[in-house]
S.K.: 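Just dropping this structure here.
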Amino acid sequence: MKVAIIRFPGTNCEFDTEYAFNKLGAKTEIIWHEQKEFKADLVVLPGGFSYGDYLRCAAIAKLAPAMQGVFEHAKKGGYILGICNGFQILLESGLLKGAMKHNEKLSFISKNQDLKVVSNQNVFLRNFQKGDIVNLPIAHGEGNYYAKENILKELEDKDLITLKYQQNPNGSLCDIAGICDENKKIFGLMPHPERACDSVLGNEVGLKMLEGFM
């Protein structure tokens, strides 16, 4: 299992992600944003502040040369995981549907958050039961998921919502914390599973999630 982790200027969770996948026995490679071509079984867009988030989060990152490799990987049906800023990049690039707005109260939120597993009919959450309540860290200023009514209906009807907040912290429509694409190959979520991958942190729920890709 080879995992490519895309690193943009401002990314700050690439080494946490690398640590987590190495712990699972995966071979990892951190890909600089200027590199157009790479090969992997799973591509991860990690959390952070790509290009400083000076504009709308991820609006610049979607134009990075490395995204050409991400798009090619998607065309081949490869797995892609976007975490926090990575989720925002997947939305901005059109690989996932919807958009991200500023948090409802316009403040940055950093805390642990209870989440409900909405669907386990996918590799990412196959180690969980539907309805399980898990706890993961969140840390974002723009995690307020938005989509038009027809898109929300499509997500519900096609079982594409993976995680929902138990106590909605940011105003996301339908309490959405994570979704996937129709082929269930591309996943995005605002919580940080890579920050819950070691018993010394008191939480290994994230490791159990990432293990689904192995």
Side-chain angles (χ1 to χ4, degrees), residues 1-8 10-31 40-50 53 57-58 79-90 100 103 107-120 122-145 162-170 172 175-180 187-214:
M1 175 73 172
K2 184 176 180 180
V3 181
I5 302 165
I6 310 300
R7 184 187 197 186
F8 303 92
T11 296
N12 60 21
C13 294
E14 67 271 46
F15 298 113
D16 306 75
T17 305
E18 182 178 53
Y19 172 83
F21 278 105
N22 286 345
K23 192 171 182 178
L24 291 168
K27 295 181 179 178
T28 55
E29 182 181 9
I30 294 178
I31 306 294
D41 302 299
L42 168 67
V43 174
V44 181
L45 305 179
F49 301 89
S50 58
D53 285 349
C57 289
Y79 286 108
I80 300 174
L81 172 65
I83 302 169
C84 197
N85 187 226
F87 185 14
Q88 294 162 343
I89 296 170
L90 291 176
M100 209 62 81
N103 294 342
S107 59
F108 186 89
I109 303 171
S110 179
K111 63 178 183 178
N112 291 326
Q113 183 71 44
D114 285 337
L115 303 151
K116 183 178 182 179
V117 175
V118 179
S119 174
N120 63 351
N122 55 75
V123 296
F124 183 48
L125 296 173
R126 64 181 174 182
N127 293 328
F128 295 82
Q129 297 298 314
K130 186 176 180 180
D132 278 355
I133 304 298
V134 300
N135 188 271
L136 285 177
I138 61 170
H140 56 252
E142 294 187 27
N144 183 355
Y145 180 80
T162 54
L163 293 164
K164 285 190 175 185
Y165 298 109
Q166 282 294 94
Q167 299 86 29
N168 191 333
N170 50 32
S172 288
D175 303 323
I176 288 174
I179 62 173
C180 64
F187 299 85
L189 76 163
M190 288 311 295
H192 286 265
E194 81 285 3
R195 297 183 185 179
C197 287
D198 201 303
S199 58
V200 74
L201 300 173
N203 189 349
E204 294 184 287
V205 167
L207 197 67
K208 188 175 177 181
M209 287 182 174
L210 300 181
E211 191 176 21
F213 288 107
M214 303 299 291

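Numbers for residues simply follow the sequence, beginning at 1. From a predicted model like this one, the values you see are computed outputs, not experimental measurements.
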S.K.: Could you work out, with side-chain hydrogen bond (donor to acceptor under 3.5 Å, both in side chains) as the rule, every residue matching Ser50, not counting sequence neighbours?
M.R.: Asn85
S.K.: Under 3.5 Å, is there a donor-acceptor pair between the side chain of Asp53 and the main chain of Cys57?
M.R.: no
S.K.: side-chain contact (heavy atoms from CB on, under 4.5 Å) with Val118: which residues, sequence neighbours excluded?
M.R.: Ile161, Lys164
S.K.: Do Leu189 and Ile83 pass the side-chain contact (heavy atoms from CB on, under 4.5 Å) test, and can you show the C-alpha distance, the side-chain angles, and the key distance before you say yes or no?
M.R.: CA-CA 5 Å; Leu189 76 163; Ile83 302 169; 4.0 Å; yes
S.K.: Go through the structure and list residues passing side-chain hydrogen bond (donor to acceptor under 3.5 Å, both in side chains) with Asn12, not counting sequence neighbours.
M.R.: none
S.K.: If every non-hydrogen atom of Val3 is compared with every non-hydrogen atom of Ala26, which pair is closest and at what distance?
M.R.: CG2-CB, 3.9 Å
S.K.: How many angstroms lie between atom CG of Leu81 and atom CZ of Phe21, to the nearest 0.5 angstrom?
M.R.: 6.0 Å
S.K.: Sequence neighbours excluded, which residues qualify as side-chain hydrogen bond (donor to acceptor under 3.5 Å, both in side chains) partners of Tyr165?
M.R.: Asn170
S.K.: Say you draw a straight line from SG of Cys180 to CG of Leu163; how long is it, rounded to the nearest 0.5 Å?
M.R.: 10.0 Å
S.K.: Listed by chain and number, what are the ring-ring contact (aromatic ring centres under 6.0 Å, His included) partners of Phe124, not counting sequence neighbours?
M.R.: Phe187, Phe213
S.K.: Compile the donor-acceptor pairs under 3.5 Å between side chains in residues 192-201 and protein atoms, sequence neighbours left out, one pair per line.
M.R.:
{"residue": "His192", "atom": "ND1", "partner": "Glu194", "partner atom": "OE2", "Å": "2.6"}
{"residue": "Asp198", "atom": "OD1", "partner": "Val200", "partner atom": "N", "Å": "3.0"}
{"residue": "Asp198", "atom": "OD2", "partner": "Tyr19", "partner atom": "OH", "Å": "2.4"}
{"residue": "Asp198", "atom": "OD2", "partner": "Lys23", "partner atom": "NZ", "Å": "3.3"}

S.K.: Could you tell me which non-hydrogen atom of Thr17 sits nearest to which non-hydrogen atom of Pro46, and how far apart they are?
M.R.: OG1-CB, 3.8 Å
S.K.: Taking all non-hydrogen atoms of both residues into account, name the closest pair between Asn127 and Gly212 and its distance.
M.R.: ND2-N, 3.6 Å
S.K.: Looking at residues at least two apart in the chain, or sitting in another chain, which of them share a salt bridge (Lys or Arg N to Asp or Glu O under 4.0 Å) with Glu142?
M.R.: none
S.K.: Main chain of Leu125, side chain of Asn120: is a donor-acceptor contact present, judged purely on distance under 3.5 Å?
M.R.: no
S.K.: For Asp175, check side-chain hydrogen bond (donor to acceptor under 3.5 Å, both in side chains) against everything at least two apart and list the hits.
M.R.: Asn168
S.K.: What residue pairs, at least two apart or across chains, pass side chain to side chain donor-acceptor pair (under 3.5 Å) with a residue in residues 201-214?
M.R.: none
S.K.: May I have the step-by-step check of side-chain contact (heavy atoms from CB on, under 4.5 Å) for Ile179 and Phe87, ending in yes or no?
M.R.: CA-CA 9 Å; Ile179 62 173; Phe87 185 14; 3.8 Å; yes
S.K.: Show me, pair by pair, the donor-acceptor contacts under 3.5 angstrom made by side chains of residues 109-117, not counting sequence neighbours?
M.R.:
{"residue": "Gln113", "atom": "NE2", "partner": "Gln167", "partner atom": "O", "Å": "2.8"}
{"residue": "Asp114", "atom": "OD1", "partner": "Asn135", "partner atom": "ND2", "Å": "2.8"}

S.K.: Does the Thr28 side chain pair with the main chain of Asn22, one donor and one acceptor, at a distance under 3.5 Å?
M.R.: no
S.K.: Kindly give the heavy-atom pair with the smallest separation between Val205 and Val134, and that separation in Å.
M.R.: CG1-CB, 3.7 Å
S.K.: Determine whether Phe8 and Leu45 make a side-chain contact, defined as any pair of heavy atoms from C-beta on separated by less than 4.5 Å.
M.R.: yes
S.K.: In Å, rounded to the nearest 0.5 Å, how long is the span from OG1 of Thr11 to CD1 of Ile6?
M.R.: 9.5 Å
S.K.: Identify the two heavy atoms, one from Thr162 and one from Asn122, that lie closest to each other, and give their separation to 0.1 Å.
M.R.: CG2-ND2, 3.9 Å
S.K.: Going by side-chain contact (heavy atoms from CB on, under 4.5 Å), name the residues that satisfy it together with Lys2, two or more places apart in sequence or in a different chain.
M.R.: Glu29, Ala40, Asp41
S.K.: Would you call Met190 and Met100 a side-chain contact if the rule is heavy atoms closer than 4.5 Å?
M.R.: yes
S.K.: For Arg126 and Met214, which heavy atoms make the closest approach, and how far apart are they?
M.R.: NH2-O, 2.9 Å
S.K.: Do the non-hydrogen side-chain atoms of Ile138 and Pro169 ever get within less than 4.5 Å of each other?
M.R.: yes
